[in-house]
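First comes the structure, then the notes that go with it.
A note on names: the letters A, B, ... follow the listed sequences, proteins ahead of strands, and every chain is numbered from 1. Side-chain atoms are counted along with the backbone in the values below, which use heavy atoms only and exclude waters and symmetry mates.
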Amino acid sequence: MPEASSPPHLESLNPEQRQATEHFEGPLLVLAGAGSGKTRVLTARVCNLIHEQGILPNQILAVTFTNKAAGEMRDRISGLLGREPAGMWIGTFHAVGARLLRRHANHIGWEKSFSIFDADQSLRLVKNVQESVGVDPKQWNPKAIRAEISNAKNDLINPGMFEDNTTGFDLVQKNVARVYPEYQRLLEQQSAFDFDDLLMKPVELLEKNKDLLTRYREQFSFVLVDEYQDTNKAQFRFVELIAGGHGNLMVVGDDDQSIYGWRGADIRNILDFEQAFPGARVVRLEQNYRSTKTILDAANHVIAQNVNRKGKTLLTERIGGEAITLMESLDENDEARWITNDIERRLGGASLSSYRSVAVLYRTNAQARALEDGFRSKRIPYQVVGAVRFYERREIQDVLAYLRLISNPRDQIAFERVVNYPRRGVGLTTLEHLRQWARKQGLSLLEAAEQADQISDLRASGARGLRQFAKLVRDFSIRASQARVGELLKELIEDMGLIRHLCDEGPEGEDRGRNVSELIAGAVDFEAERAVGFEDDVDSFTDLDLFLQVVALDADVDRLDPGADAVTLMTLHNAKGLEFPVVFIAGMEEGLFPLGRAYDEPGALEEERRLFYVGITRAVETLSISWARQRRRAGDFTHNGLSSFMEAVPSNLLEEQKTERAGFLSRANLHGRRPGRYEVRDSYSEAGSEYGMDQDAPRFVQGERVLHETFGSGAIVEVSGFGRDVRVTVDFEEVGRKRLLLRYASLEKDWP
DNA sequence: CCGTCAACAGTTTTT
DNA sequence: CTGTTGACGG
C-alpha cells in the first residue's frame, strides 16, 4: 500500500518491487515475469540511488535493449526526480560500446571518426574478402560466412583464436578461418567497426588497458542491465569487467523470455547469475499487472512445457476475461481478411477505441505482405515494423554512404558504393585500376582518386570523374567539422542535384526524392545531446559523426510512432517489451511456428515456445490466434496443421472459429460483389486454365482507371496479348509504370 | 560504360 | 512471386 510519506518513486510498489528498488550495494538478480513492472522497478531504483543514497547520476550505467527503452527510462527518471539525471549513461550495449570506442578508439588502432557497418555493409566486405582470398562466394554463401564471423565475435573469439581452433576437417570452418582475419584487417584499415565489434572491441579495450578499466570501474559504481536473459558472452564479459570489482550490479530479466539464442545470447547468463556473482540477492516479481486471467493462464500453461527454466508462475488479481479466439482460415489472404474484419467489428462496437490498441504479431517478416494487402484493401491504417526499414532504402543508403565517407575518408565500402552515383563514368575497370594503384601506393581510395591523373592506364573520363568526386567529398569533409549535419546534408544534396536526378527517373524516383527529403528533415531536427543521451561527449565529436552513429544503431522498433492511430504489424521478436490491448498472433501453424528447423537443434524448440510465451503476454485484454490450412511460402504452397504449441492451451480458455463459408467465399471472390472485380490466383488457374477465356472476366481498355491491391490506382496505357496472356501496362499514381500479366495481377476497375 | 533481359535463389528471428 | 545478379548489345 502507498504510504503518504513515501517519495514519489516508491509509491504503490508491492513488497517485492520495493525490495528490489531499495536494494543498495552488491549483486541483485530480479526475475521479472512479463508485465510485472520491471521497468518501474529499474527506474525507481535509479531514483532511489540518487535521491536516497546520494549517488551521483554520472556514477550510474544503465543498459537497455532498445534505444526506445533507453529514452523512456531517461524520461521516467526525469519525471520522478524532477530533473534530468545529467551525466548518467543510459543506452543499449551497442550504443554504450560505440561511445567508449569513440573516446578510446586510438588505443586499439581505429580513428576516432570510425564508421559503423551494418549487416549490409559488412556483407559487402565479406564478399570482397572472399574474392580476394579465393573462397568462391557462389560456392560459399557469404551470409553464412558472415554469420560464423558474427558468432565468433559474440563469443569473443578473435581471428587468431579462430585459426588456432580450426581443425581443418570442417570445410566451412576452414573457409571462415581464411576470411575472418582478412575481413578484420580490412575493417581496421578503413577504420570501421561492424555491429559485433561494438560489443567485442570494448572488452578488448578494457582488458588491454588496465588504467582505463580502473577508471571506468571507479566511474560506474552502479550498473543496471535490463533484458539480461538476452545477453551474450561479449556482453556478459563487458558487464563483468565494469561491475565485477565492486559487484554493485542489478540485472533484470526473465529466463522465460530469452529469445535471442540464435544471436549468441546465452540463457545460462541468467540461470547461473548467482554463481557468477556470489552472494547475489534474488527477487522474484510474479505479480502481473497487465493481462486478464484467461491470457495469463494460457501463458502459464504454455511455458510450463519447458524444462530448461528457473520456474515461476505469473499471478494476477484480475479475474476472467474474454476467451482466446482460435481461428482456422483457408489461406493467408483469408487469414488477413478475418483479422481485418475482426478489427473493424471491434472498432464498430464499443470494445475497441482506436487502431493503435491493436498489434498483429507473426513469426517471419514474409507474413507481413498478405496482412498488409488486407489492411490496404480495407483502408485500415497500419504501420509495419521491420520489413523494409527506412534507413535500408537504396536512396537513403546512398546518401548515408556519402556522409560516412565525408566523416571517415578511409571508408572503402562507402567509397565504392557512391563513386559512380550519380553516374560519373567510373565503371568496374576504372575502379579496379584505382584499387590496385591505391594498394601499391598505400593510399586510401579517396586519396588515390585525388591523384587520378597519376594512374597511367585510366581513361580520361574516368580520371576526371574520380577527381570531381574526390573534390566534392573533400570540400564537405572540411565543412563537416563546423557545420550542423542538417545544413551539411542540405548543401550536399543540392550540390549533387540529387532530387532532380531522382525525379528524372520517373514517378518512383519522386518517391525516392521524398524519402531523401525526409532524411534531410530528420537531420535538420537532429539534436546530438538528446539523441545520443551522452551529453558530456557531445562537444568532442562532430554533429555528423554523432548523427551517423545514431542512424547506424537505430532499430526499427525505435521508429515506431506511438502517436499514430494505426495497427502495428511486427514480428514476435520485435514485440518484446511492448503491450497492446488487442493482440493477434497470425500463422500459428506447425512448421511455421514453431519453424520446422527448430526440431533440428536441441534448445531451439524451447526458444520458439518462449517466443510464443512472449507473444501471448503482450496482450492486455484480448488475444486472438489464427492459423491457415494452406500458405504460400517462397513461391509454392504448403499445407500445415495447427501448431503443436496450442496443445498446451486448455480448451476451456479457447473459443474456436472457422472463417464463415470459407470455401465458398473465395470462389465468390472471383467476381465479388462489386462489378468488374477480377481476382484469380494461379493455384486456381492451374486447374481451370480457361480464365483468359472467361466470359465474365472484365475487359480492360486503354485509358481506363484501375485499382491494384498493392500498387494503388492508375490508368491503363496499353493492353496487349490475348487469352491467358493478356498484359496491361498501367501508369500508377504512386509507383509509376508497371507491366502486369492480367492473370496474376488482381486488378479491379476503379469506379469513381 | 550502361541499359535491358533472362536466370536464379530465397524465407527465421536483429543490434 | 520478387529482387538481385549475369550475359549481351549499343
Side-chain angles (χ1 to χ4, degrees), chain A residues 63-70 91-98 116-120 122 127 137-138 141 143 147 150 153-154 193-199 227 230-232 234-235 258-265 361-370 373 385-389 391-392 394 420 422-431 459 461-462 465 505 549 551-558 570-576 587 591-598 600-601 604 607-608 610-612 614-615 631-638 681-683 710 738-741 744-745:
Chain A
V63 186
T64 57
F65 198 71
T66 63
N67 296 300
K68 196 168 158 233
T92 63
F93 274 107
H94 288 87
V96 169
I116 298 171
F117 282 0
D118 66 17
D120 209 65
S122 89
K127 277 186 196 154
K138 273 180 233 138
N141 188 311
K143 278 192 179 151
S150 176
K153 288 187 174 185
N154 285 324
F193 292 114
D194 65 17
F195 277 147
D196 306 307
D197 283 336
L198 298 181
L199 307 178
E227 306 284 8
D230 285 318
T231 51
N232 59 35
Q235 292 165 327
S258 163
I259 54 175
Y260 282 97
W262 51 274
R263 196 169 86 180
L361 312 179
Y362 37 80
R363 179 66 240 269
T364 67
N365 278 311
Q367 291 168 253
R369 183 152 308 205
D373 287 348
V385 178
V388 252
R389 296 153 194 226
Y391 291 124
E392 278 172 12
R394 204 180 42 232
N420 201 29
R423 305 256 115 92
R424 288 188 188 84
V426 181
L428 242 48
T429 356
T430 308
L431 189 59
R459 269 201 236 172
S461 64
E505 286 176 15
Q549 174 167 321
V551 165
L553 300 182
D554 181 275
D556 216 50
V557 243
D558 295 334
M570 64 186 153
T571 62
L572 289 142
H573 282 89
N574 268 316
K576 189 169 81 155
L592 180 61
F593 191 24
L595 276 171
R597 66 178 71 186
D600 301 343
E601 249 181 284
E607 180 154 315
E608 295 271 317
R610 291 194 292 269
L611 191 58
F612 186 34
V614 167
R631 182 181 297 274
R632 259 195 112 130
R633 276 224 267 170
D636 38 36
F637 288 95
T638 54
R681 297 259 171 264
D682 56 352
S683 58
T710 33
K738 302 264 178 199
R739 284 188 83 203
L740 306 163
L741 206 52
Y744 292 124

Nearest-Å distance for atom pair NZ/C1', residues A:K143 and B:dG10: 8 Å
Expressed as a whole number of angstroms, how long is the span from A:R631:CZ to B:dT12:C1'? 14 Å
A:N574 side-chain N/O to B:dT14 phosphate OP1/OP2 under 4.0 Å: yes
With a 4.5 Å cut-off on side-chain heavy atoms, are A:Q549 and A:I116 touching? yes
So how far is it from A:D118 CG to A:E392 CD, rounded to the nearest 0.5 Å? 6.5 Å
Using the side-chain heavy atoms of A:H573, tell me which of these nucleotides is nearest: B:dT13, B:dT15, B:dT12. B:dT13
So do A:N232 and A:R263 actually touch side chain to side chain, heavy atoms under 4.5 Å? no
Any donor-acceptor pair, under 3.5 Å, between the side chain of A:R363 and the base of B:dT13, if you only look at N and O atoms? yes
Does A:N232 place a side-chain N or O at less than 4.0 Å from the phosphate oxygens OP1/OP2 of B:dT15? no
Of the candidates B:dT15, B:dT14, B:dC1, the side chain of A:T92 sits closest to B:dT15
Any idea which heavy atoms bring A:D196 and A:S150 closest together, and the distance? OD2-OG, 3.0 Å
Tell me which of A:N67 and A:E608 sits closer to the 5' end of DNA chain B, going by the nucleotide each one is nearest to. A:E608
Measure the distance from CZ on A:R459 to C1' on B:dC2 and round it to the nearest whole Å. 11 Å
Under 4.0 angstrom, heavy atoms only, what part of the nucleic acid is A:S461 near: base, sugar-phosphate, or nothing? nothing
Just checking A:R633: base, sugar-phosphate only, or nothing, at a heavy-atom cut-off of under 4.0 Å? nothing
Counting only side-chain N and O atoms of A:R423, is one of them less than 4.0 Å from OP1 or OP2 of B:dG3? yes
Identify whether a stacking contact exists between A:Y260 and B:dT14, where the ring centres must be under 5.5 Å apart and the planes under 30° apart. no
5'-most contact on DNA chain B (nearest-nucleotide basis), A:G425 vs A:L553, goes to A:G425
Which nucleotide wins on minimum distance to the side chain of A:K138, given the candidates B:dT13, B:dT11, C:dG6? C:dG6
side-chain N/O A:N141 vs B:dA9 OP1/OP2, d < 4.0 Å: no
Can you classify the ring geometry of A:H94 versus A:F195 as parallel (below 30°), tilted (30 to 60°) or perpendicular (above 60°)? perpendicular
Out of B:dC2, B:dT13, B:dT12, which has the shortest distance to the side chain of A:N420? B:dC2
At under 4.0 Å, does any side-chain N or O of A:T430 touch on OP1 or OP2 of B:dC1? yes
Return the value, rounded to whole Å, for the distance between atom CD1 of A:I259 and atom P of B:dT15. 11 Å
Once you round it to whole Å, what is the distance between P of B:dT15 and CG of A:D197? 17 Å
When you measure from the side-chain N and O atoms of A:T571 to the phosphate of B:dT14, is any distance below 4.0 Å, counting only OP1 and OP2? yes
Taking atom C1' of B:dT14 as reference, at what distance in whole Å does atom NE2 of A:H94 sit? 9 Å
From CG of A:L361 over to C1' of B:dT12, roughly how many Å is that when rounded to an integer? 16 Å
Send over the distance from A:L595 CG to B:dT13 P, rounded to a whole Å. 8 Å
I'd like to check A:F593 versus A:L572 (side-chain heavy atoms, cut-off strictly below 4.5 Å). Are they in contact? yes
Can a side chain N or O of A:R369 be found less than 4.0 Å away from OP1 or OP2 on C:dC1? no
